[in-house]
Chemist: 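Pasting a structure here, questions to come.
Being a predicted model, the structure only gives us computed values, none of them experimental.
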Amino acid sequence: MFEQIYEVVRRIPPGRVATYGQIARLLGMPRAARTVGWALHTLPEGIDVPWQRVINARGTISFDPDSPGAVIQRALLEEEGVVFDEKGRIDLDVYGWAGLDLAERQQLLERDP
DNA sequence: CGTATGACGAGCC
DNA sequence: AGGCTCGCCATAC
């Protein structure tokens, strides 16, 4: 389960962001946004997943912006060229990820249980 | 096996 | 705009 989530997150191109709900929808579980958040929250360290490119539907970092993790996330995204507005929001119309194309999505969903 | 727990999201006020 | 309530769902215990 988590592997599939990580797999999708790895497809997000640098400089783009996706929402938790969007990841869930791509995996065919449109209501499991919280699960996606949990998967990234409990991400093993050192694993190759660009977790910083996943934010919430409002375009903000989804936890305390002053926490060390959030500061790192914001720094990583800014390095990739993502711009935060004065309220710490990212414009999803500009930086939002279009998502997988049909073929990629199909391939992902057909993977073994 | 029932409850609790969120890096969520939509809706309502 | 900002805050609160509820529904959701895979894990943890």
Chemist: Tell me the interatomic distance from His41(A), atom NE2, to dA12(C), atom C1', rounded to whole angstroms.
Modeler: 12 Å
Chemist: How long is the line joining NZ of Lys87(A) and C1' of dA1(C), in whole Å?
Modeler: 8 Å
Chemist: Using whole Å, report how far CZ of Phe2(A) lies from P of dC9(C).
Modeler: 15 Å
Chemist: How many Å lie between CE on Met1(A) and C1' on dA12(C), as a whole number?
Modeler: 16 Å
Chemist: State plainly whether the residues Arg16(A) and Glu80(A) are in salt-bridge range, i.e. N to O under 4.0 Å.
Modeler: no
Chemist: Once you round it to whole Å, what is the distance between C1' of dA12(C) and CH2 of Trp38(A)?
Modeler: 7 Å
Chemist: In terms of side-chain heavy atoms of Trp51(A), which of dA7(B), dC9(C), dG9(B) is nearest?
Modeler: dA7(B)
Chemist: From the set dG9(B), dA10(C), dG6(B), return the single nucleotide nearest to any side-chain atom of Arg34(A).
Modeler: dG6(B)
Chemist: Does atom CG of Leu102(A) have more than 12 heavy-atom neighbours from other groups under 6.0 Å away?
Modeler: no
Chemist: Tell me whether the guanidinium CZ or amine NZ of Arg34(A) lies under 6.0 angstrom from the six-membered ring centre of Tyr20(A) and within 45° of its axis.
Modeler: no
Chemist: Check the distance between dT11(C)'s P and Leu40(A)'s CG and give it to me in whole angstrom.
Modeler: 13 Å
Chemist: Any carboxylate oxygen within less than 4.0 angstrom of a Lys/Arg side-chain nitrogen, looking at Arg10(A) and Glu3(A)?
Modeler: yes
Chemist: At 4.0 Å (heavy atoms only), tell me whether Thr19(A) reaches a base, stays on the sugar-phosphate, or touches nothing.
Modeler: sugar-phosphate
Chemist: Measure CD/Gln4(A) against P/dA10(C) and give the value in whole Å, please.
Modeler: 12 Å
Chemist: Quickly work out the Ile23(A) CD1 to dC8(C) P distance and round it to whole Å.
Modeler: 22 Å
Chemist: Which of these nucleotides, dA7(B), dA10(B), dC9(C), is closest to any side-chain atom of Phe63(A)?
Modeler: dA7(B)
Chemist: On DNA chain B, nearest-nucleotide positions of Thr35(A) versus Asn56(A): which is more 5'?
Modeler: Thr35(A)
